[in-house]
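Owing to the predicted nature of the structure, the values given are computational and were not obtained by experimental measurement. A, B, ... follow the sequence lines: proteins, then strands. Residue 1 opens every chain.
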Amino acid sequence: MLNRELWRSRPEVVQKALEARRSEAPLDELRQADERFRKLQAELDGKKAELNRRSREVGALFSAGKREEGEALRRSLGELSKSIAELEKELTAVRGEVERLELFLPNIPHPSVPEGKDERSNRVERVWGEPPRFAFQPRSHWDLGPALGILDFERAGRIAGARFAVLWGQGAALERALITFMLDLHRSRGWREVYVPFLVNRECLVGTGQLPKFAEDLFRVEGTDFYLVPTAEVPVTNLHRGEILEEETLPRRYCAYTPCFRAEAGSYGRDVRGLIRQHQFDKVELVHLATPETSYQELEVLTHQAEAVLQALGLAYRVVTLCTGDMGFAAAKTYDLEVWLPGQGCYREISSCSNCEDFQARRAELKYRPKGGGKAQYLHTLNGSGLAVGRTLIAILENYQQEDGSVVIPEALRRYLGGQELLAPEP
RNA sequence: GGAGGGGUGGCCGAGCGGCUAAAGGCAGCGGUCUUGAAAACCGCCAUCCCGCAAGGGAUCAAGGGUUCGAAUCCCUUCCCCUCCGCCA
């Protein structure tokens, strides 16, 4: 959510941001509703002030023993009381409208974000590692995986449907090893691990910005107020909802593993093959809570931490800054990490690291108390994948494949697989 | 699922129809005192909304109701605690 002051007093700034994002958020409608809201509020407050004053008089008259005068005044207030109730109803409706519309305004991009309408305007910041060279035609993971007997889309389709996968044997173990490996790496560098519910309530999703606008991307458990988490960002960022944290305890750096569930509505026909786009996937997430002064520093820290995972695994990647038209709703600035996939012959997103500034903090009531006291302030929230586990598994298969179809296990991972060095076909 | 108890300011806790935005304590901030600190004493110290301001309004888990007037009475929901039942 944006600061109300901003769209009230400088709507042109917000309008410009909306255009840069190619957003059709209802700014004009919002401002009209707000206009009505303020008028009603002033009118109602005046009437309430009068009622309050005269109600106190009633009490005073009675306690002074002036029963008749008090009784007369009491009777005369009925109408005022009624008209207040009516106005109040109206105000509630208008306020509700303002609050509803407000939730549809996306965050304002940071000045350092490149302008552009789609991913072609993203800016490459740096490239790490060399894509491996093969003396043969490298295969894609959807060929390698089933051939190794570790990836099974057919049976996944049978027990669930499209966009699900079954991992067998070494594949299942590799997935689990990756999760543990990533969490260990983050913990060893000071991130605090947290294990959270995989179902969350509606307020959390409003807090991080998935709702109300992106309901069709989510799975909801029928007959309940629970949603399956689309990312650990949701439960973890909302952990301190309604709290006021001491500045001394900032920044907070958290990491969490959760499965993620996404409806992927509207992505029919995109990435239908393989593990790229699934309804369910594992992810280790990094979440930072920071002061406004340090949040952009923290974005660098967070991004470098996500990169450390790729580096430890020896996977070539590049870092791009998303342009205004490609950024997510809540983000002010986003770096994507794109890993090299030899089977596809391109870089593919494997992590997305964002500073949401105070956008989520306003929605989720996340505040901190400045050093030496003073008014509580909204803090800044950041999140990033560290990393998407399924896509990491893909990257390993495709980058470490050998001509005979076996796959070398990256050094750093071997201790998590009982010293195993090679993925060879399973019976 | 059944029975009971409870949700008040950063924290603890009193209030149980008008004199209460809310006693008291703790924490915090400022001051007196002190070489400095502690102690003692004095003062300040919730959030949000409208308003240029003066000021006004709202908020005692949430929503509804009774009333001229509700933190206080009634109803509903949510959450927490205790006991019983069931359960991985």
Side-chain angles (χ1 to χ4, degrees), chain A residues 1-10 30-103 195-207 221 223-227 235 238-250 252 289 291 358 361-379:
Chain A
M1 198 154 54
L2 299 178
N3 188 344
R4 232 173 235 187
E5 198 43 47
L6 183 64
W7 55 259
R8 266 187 191 154
S9 61
R10 307 181 60 197
L30 171 62
R31 295 184 64 210
Q32 280 164 26
D34 183 53
E35 202 63 40
R36 264 180 293 143
F37 161 69
R38 289 202 269 183
K39 243 195 197 138
L40 275 173
Q41 166 98 324
E43 188 183 345
L44 181 63
D45 282 357
K47 289 199 174 194
K48 279 186 166 177
E50 191 187 342
L51 181 68
N52 285 344
R53 183 164 42 77
R54 299 175 71 179
S55 286
R56 272 192 296 272
E57 275 172 38
V58 174
L61 287 171
F62 277 124
S63 54
K66 299 179 179 168
R67 289 202 47 92
E68 263 169 52
E69 275 179 67
E71 191 58 30
L73 184 56
R74 187 187 68 72
R75 275 196 305 266
S76 75
L77 290 179
E79 201 163 319
L80 180 58
S81 181
K82 221 173 266 169
S83 82
I84 284 175
E86 267 165 48
L87 256 186
E88 199 144 52
K89 210 170 270 176
E90 209 177 326
L91 181 72
T92 303
V94 178
R95 192 201 295 115
E97 184 67 357
V98 170
E99 284 166 359
R100 189 184 70 79
L101 291 168
E102 231 176 349
L103 291 176
Y195 181 88
V196 293
F198 301 163
L199 296 179
V200 292
N201 57 36
R202 170 162 232 294
E203 288 76 63
C204 284
L205 289 152
V206 172
V221 181
T224 71
D225 182 39
F226 291 129
Y227 292 79
N238 278 282
L239 277 173
H240 297 292
R241 158 183 292 280
E243 293 182 38
I244 298 172
L245 305 176
E246 297 298 331
E247 183 175 353
E248 287 75 12
T249 69
L250 300 174
R252 306 255 183 137
L289 306 178
T291 61
D358 64 6
R362 286 177 189 282
R363 294 173 162 238
E365 279 297 306
L366 303 169
K367 295 187 167 184
Y368 73 97
R369 177 95 46 205
K371 278 187 190 122
K375 251 180 94 166
Q377 309 280 329
Y378 288 115
L379 38 79

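G28(B) and A39(B) have their P atoms separated by 9 Å, with the value rounded to a whole Å. As rounded to the nearest Å, C41(B) and G24(B) have P atoms that lie 15 Å from one another. Look at the C1' atom in both G9(B) and A46(B): the space between them is 5 Å, to the nearest Å. Nucleotides C52(B) and C16(B) have their C1' atoms positioned 42 Å apart, rounded to a whole Å. As rounded to the nearest Å, A23(B) and G1(B) have C1' atoms that lie 42 Å from one another. Between the C1' atoms of C83(B) and G15(B), the separation comes to 30 Å (whole Å). Going from the C1' atom of C44(B) to that of A27(B) covers 14 Å, rounded to whole Å. Annotation: A61(B) and G13(B) have their P atoms spaced 14 Å apart (nearest Å).
For R74(A), taking side-chain heavy atoms from C-beta onward, the closest of the listed nucleotides G18(B), U67(B), G57(B) is U67(B). Distances from the side chain of Q41(A) to the nucleotides C50(B), C68(B), G57(B) place C50(B) closest. Taking every side-chain heavy atom of R38(A) into account, G51(B) is the closest of C68(B), G56(B), G51(B). Closest approach to the R369(A) side chain among G57(B), G10(B), C68(B) is made by G10(B) (side chain taken as heavy atoms from C-beta onward).
E88(A) has its CD atom 12 Å from the C1' atom of U59(B), to the nearest Å.
Each of L73(A) and F37(A) was matched to the nucleotide of RNA chain B holding its nearest heavy atom; the match closer to the 5' end belongs to F37(A). The 5' end of RNA chain B is approached more closely, in terms of each residue's nearest nucleotide, by R56(A) than by the other of D34(A) and R56(A).
Heavy atoms from other residues, nucleotides or ligands lying under 6.0 Å from CZ of R4(A) number more than 12. In this structure, E99(A) places its CD atom where more than 12 heavy-atom neighbours from other residues, nucleotides or ligands lie under 6.0 Å away.
Remark: the backbone N or O of C204(A) is paired with a side-chain donor or acceptor of N238(A) at under 3.5 angstrom. A distance-only check finds a donor-acceptor pair linking the side chain of S9(A) to the backbone of E5(A) [under 3.5 Å].
Figure legend. C86(B) is base-paired to no nucleotide; pairs are counted as Watson-Crick or G-U wobble with both atom distances under 3.5 Å.
At G69(B), none of the side-chain N or O atoms of N52(A) fall inside 4.0 Å of OP1 or OP2 (strictly under the cut-off). For K367(A) and C48(B), the shortest distance from a side-chain N or O to OP1 or OP2 is below 4.0 Å. For the pair S81(A) and U67(B), the criterion of a side-chain N or O lying under 4.0 Å from OP1 or OP2 is not met.
Judged by distance alone with a 3.5 Å cut-off, no donor-acceptor contact links the side chain of D45(A) to the base of G57(B).
Within 4.0 Å of L44(A), counting heavy atoms only, lies no atom of the nucleic acid at all.
One finds the CZ atom of R95(A) at 14.0 Å from the CZ atom of R36(A) (value rounded to the nearest 0.5 Å).
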